[in-house]
Amino acid sequence: MRLYEKRIGMALTGSFCMYEKIYVEMKHLVEEGAKVTPIFSNHAKSIDSRFGKAEDFLKKAEEITGNKPILTIPEAEPIGPKNLLDILLIAPCTGNTLAKFANGITDSPVLMAAKSHLRNNRPLVISLSSNDSLSMNLKNIGVLMNTKNVYFVPFGQDSCVGKPNSMIAHTDLILSTLEEALEGKQIQPVILSPIHQCFGR
């Protein structure tokens, strides 16, 4: 149980279609004995979608982790100065958050958490969920792949016919990715086969 008593920030952004899988992994982290702090972006904490109500997602995160979510930039800022986390996971990480992160923009609780956490040279893990991963955001993935202390959950295309530029993380590898990142290693391979097979169509 390499994640036992590790202080893990779990930052959620607005890819609501991934929440069901993300909450499964949140439960797994708690079962491993990790101390999980939920963090929500401005959109994640306020938008109701066909996947559920924001209020319910906030409540569920607190019920699973036993900790109140961080919801504002001032609440996220002390993460670095007070050394609150051993590792930070952004899951799901939208293309919007990815692009802002790669370009040093800090305008949400999640991005402030990322900036504040990285000042301590501690690992940050990205669980990608973006429809433009192979188009406008490909350059930002490249930037972050080469950024110190930033690691990726392995990812692949999820709908190569309907959404050929879309890629999402294999969320079942989140725990393994965190374990490797805590050792300063990027889990390999980073690019895996499509989430849903597209061959033989």
Side-chain angles (χ1 to χ4, degrees), residues 8-32 34 36-65 69-71 87-102 108-111 113-114 124-138 140-141 144-145 150-178 181 187 190-198:
I8 300 174
M10 194 160 185
L12 291 84
T13 67
S15 186
F16 303 108
C17 62
M18 294 295 294
Y19 276 28
E20 183 176 350
K21 291 182 177 181
I22 294 305
Y23 278 108
V24 168
E25 299 309 317
M26 186 182 287
K27 289 179 181 177
H28 288 164
L29 287 172
V30 172
E31 290 167 356
E32 286 282 314
V36 181
T37 300
I39 306 162
F40 281 75
S41 71
N42 293 326
H43 290 159
K45 73 180 182 183
S46 61
I47 293 177
D48 296 334
S49 72
R50 62 190 175 93
F51 298 100
K53 294 183 178 180
E55 181 181 358
D56 293 335
F57 288 132
L58 293 171
K59 182 179 179 181
K60 187 172 183 178
E62 184 172 353
E63 288 176 348
I64 293 172
T65 65
I70 290 174
L71 301 178
I87 191 167
L88 175 61
L89 166 68
I90 305 178
C93 182
T94 62
N96 184 56
T97 294
L98 185 85
K100 289 181 177 183
F101 182 36
S108 82
V110 168
L111 290 163
L124 183 150
V125 172
I126 292 172
S127 182
L128 184 65
S129 178
S130 173
N131 287 332
D132 64 355
S133 297
L134 293 177
S135 54
M136 292 297 291
N137 250 316
L138 186 58
N140 295 316
I141 293 172
L144 292 172
M145 283 278 188
V150 174
Y151 305 90
F152 280 80
V153 178
F155 53 90
Q157 288 175 281
D158 59 300
S159 180
C160 61
V161 175
K163 299 185 296 180
N165 293 321
S166 179
M167 299 186 85
I168 63 174
H170 289 257
T171 55
D172 58 317
L173 295 175
I174 282 177
L175 270 67
S176 297
T177 304
L178 292 171
I187 193 171
V190 181
I191 308 298
L192 294 179
S193 59
I195 309 297
H196 305 299
Q197 289 294 333
C198 300

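Nothing here was measured: the structure is a model prediction, and the numbers come from that model. For the single chain, residues carry numbers from 1 onward in sequence order. These values consider heavy atoms only, across backbone and side chains, with no hydrogens, waters or symmetry-generated copies.
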**Student:** Please give me the minimum heavy-atom distance between A169 and S127, naming the atom from each residue.
**Tutor:**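 Smallest interatomic distance, heavy atoms only, reads CB-OG, 3.3 Å.
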
**Student:** Does any non-hydrogen side-chain atom of F155 lie less than 4.5 Å from one of I126?
**Tutor:**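 No - every pair of side-chain heavy atoms lies 4.5 Å or more apart.
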
**Student:** Measure the spacing between OH of Y23 and CD1 of I64 and express it to the nearest 0.5 Å.
**Tutor:**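 Separation between the atoms: 6.5 Å.
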
**Student:** Mind checking whether L58 and F40 have side chains closer than 4.5 Å, heavy atoms only?
**Tutor:**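 SC-SC contact between L58 and F40 confirmed.
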
**Student:** Could you measure the distance from the CD1 atom of I187 to the CZ atom of F152? Nearest 0.5 Å is fine.
**Tutor:**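 Going from the CD1 atom of I187 to the CZ atom of F152 covers 14.0 Å.
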
**Student:** Determine whether F101 and L124 make a side-chain contact, defined as any pair of heavy atoms from C-beta on separated by less than 4.5 Å.
**Tutor:**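 The answer is yes, as the side chains (C-beta and beyond) meet within the 4.5 Å cut-off.
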
**Student:** Among pairs that include at least one residue of residues 159-172, which meet salt bridge (Lys or Arg N to Asp or Glu O under 4.0 Å), considering only residues two or more places apart or in two chains?
**Tutor:**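 Non-adjacent pairs meeting salt bridge (Lys or Arg N to Asp or Glu O under 4.0 Å): D158-K163.
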
**Student:** Side chains of T177 and I174: closer than 4.5 Å at any heavy-atom pair?
**Tutor:**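 SC-SC contact between T177 and I174 ruled out.
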
**Student:** Between N131 and S166, do the side chains contain an N or O donor and an N or O acceptor separated by less than 3.5 Å?
**Tutor:**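 Yes.
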
**Student:** Check each of H43, M18, M26 against L12 using the side chain to side chain contact (heavy atoms under 4.5 Å, CB included) test, and report the only one that passes.
**Tutor:**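 Among the candidates, only M26 passes.
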
**Student:** Considering non-hydrogen atoms only, spot the tightest contact between P164 and V161 and give its length.
**Tutor:**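 It is CD-O, 3.8 Å.
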
**Student:** Only one of L29, L88, T37, I39 forms a side chain to side chain contact (heavy atoms under 4.5 Å, CB included) with M10, so which one is it?
**Tutor:**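 The side chain to side chain contact (heavy atoms under 4.5 Å, CB included) with M10 is passed solely by L29 among L29, L88, T37, I39.
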
**Student:** Within the structure provided, determine whether V190 and Y151 are in side-chain contact (heavy-atom separation under 4.5 Å).
**Tutor:**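 No, too far: nothing below the 4.5 Å cut-off.
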
**Student:** Between the main-chain N or O of F51 and the side-chain N or O of S49, is there a donor-acceptor pair closer than 3.5 Å?
**Tutor:**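 Between the backbone of F51 and the side chain of S49 there is a qualifying donor-acceptor contact (under 3.5 Å).
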
**Student:** NZ/K53 to OG/S46 distance, rounded to the nearest 0.5 angstrom?
**Tutor:**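 Those atoms lie 14.5 Å apart.
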
**Student:** For the CG atom of L134 and the CD1 atom of I141, what is their distance to the nearest 0.5 Å?
**Tutor:**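 If we round to the nearest 0.5 Å, L134:CG and I141:CD1 are 7.0 Å apart.
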
**Student:** Got a second to check how far H170's NE2 is from S176's OG, nearest 0.5 Å?
**Tutor:**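 If I round to the nearest 0.5 Å, the distance is 13.0 Å.
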
**Student:** Please tell me whether T13 and S41 have a donor and an acceptor in their side chains that are separated by less than 3.5 angstrom.
**Tutor:**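 On atom types as modelled, these side chains do not qualify, holding no pair under 3.5 Å.
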
**Student:** With no hydrogens and no angle check, just 3.5 Å: does a side-chain donor-acceptor pair link N165 and D132?
**Tutor:**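 Looking only at side-chain atoms, D132 and N165 do not form any donor-acceptor pair under 3.5 Å.
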
**Student:** Table please: side-chain donor-acceptor pairs of residues 93-100 below 3.5 Å, with sequence neighbours left out.
**Tutor:**
{"from": "T94", "atom 1": "OG1", "to": "T97", "atom 2": "N", "distance (Å)": "3.1"}
{"from": "T94", "atom 1": "OG1", "to": "T97", "atom 2": "OG1", "distance (Å)": "3.3"}
{"from": "K100", "atom 1": "NZ", "to": "D107", "atom 2": "OD1", "distance (Å)": "3.4"}
{"from": "K100", "atom 1": "NZ", "to": "D107", "atom 2": "OD2", "distance (Å)": "2.8"}

**Student:** Can you tell me how far CD of E32 sits from CD of E25, rounded to the nearest 0.5 angstrom?
**Tutor:**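 E25 CD to E32 CD: 10.5 Å, rounded to 0.5 Å.
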
**Student:** Any side-chain heavy atom of I90 within less than 4.5 Å of one from V125?
**Tutor:**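 When only atoms from C-beta onward are counted, V125 and I90 do not touch, as no gap falls below 4.5 Å.
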
**Student:** Below 30° counts as parallel, above 60° as perpendicular, anything between as tilted: where do the rings of F57 and Y19 land?
**Tutor:**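 Perpendicular, since the angle between the ring planes exceeds 60°.
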
**Student:** Answer whether the closest heavy-atom distance between the side chains of N42 and P109 falls below 4.5 Å.
**Tutor:**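 They are in contact (side-chain heavy atoms under 4.5 Å apart), so the answer is yes.
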
**Student:** Any side-chain heavy-atom pair from V153 and T171 closer than 4.5 angstrom?
**Tutor:**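 V153 vs T171: side chains apart.
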
**Student:** Can you confirm whether M136 is buried at CE, in the sense that more than 12 heavy atoms of other residues, nucleotides or ligands lie under 6.0 Å from that atom?
**Tutor:**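 For M136, atom CE is not crowded (no more than 12 foreign heavy atoms under 6.0 Å).
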
**Student:** Taking P69's backbone N and O only, do any of them form a donor-acceptor pair with E62's side chain (distance below 3.5 Å, no angle check)?
**Tutor:**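 Flag not set: sc E62 to bb P69 has no pair under 3.5 Å.
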
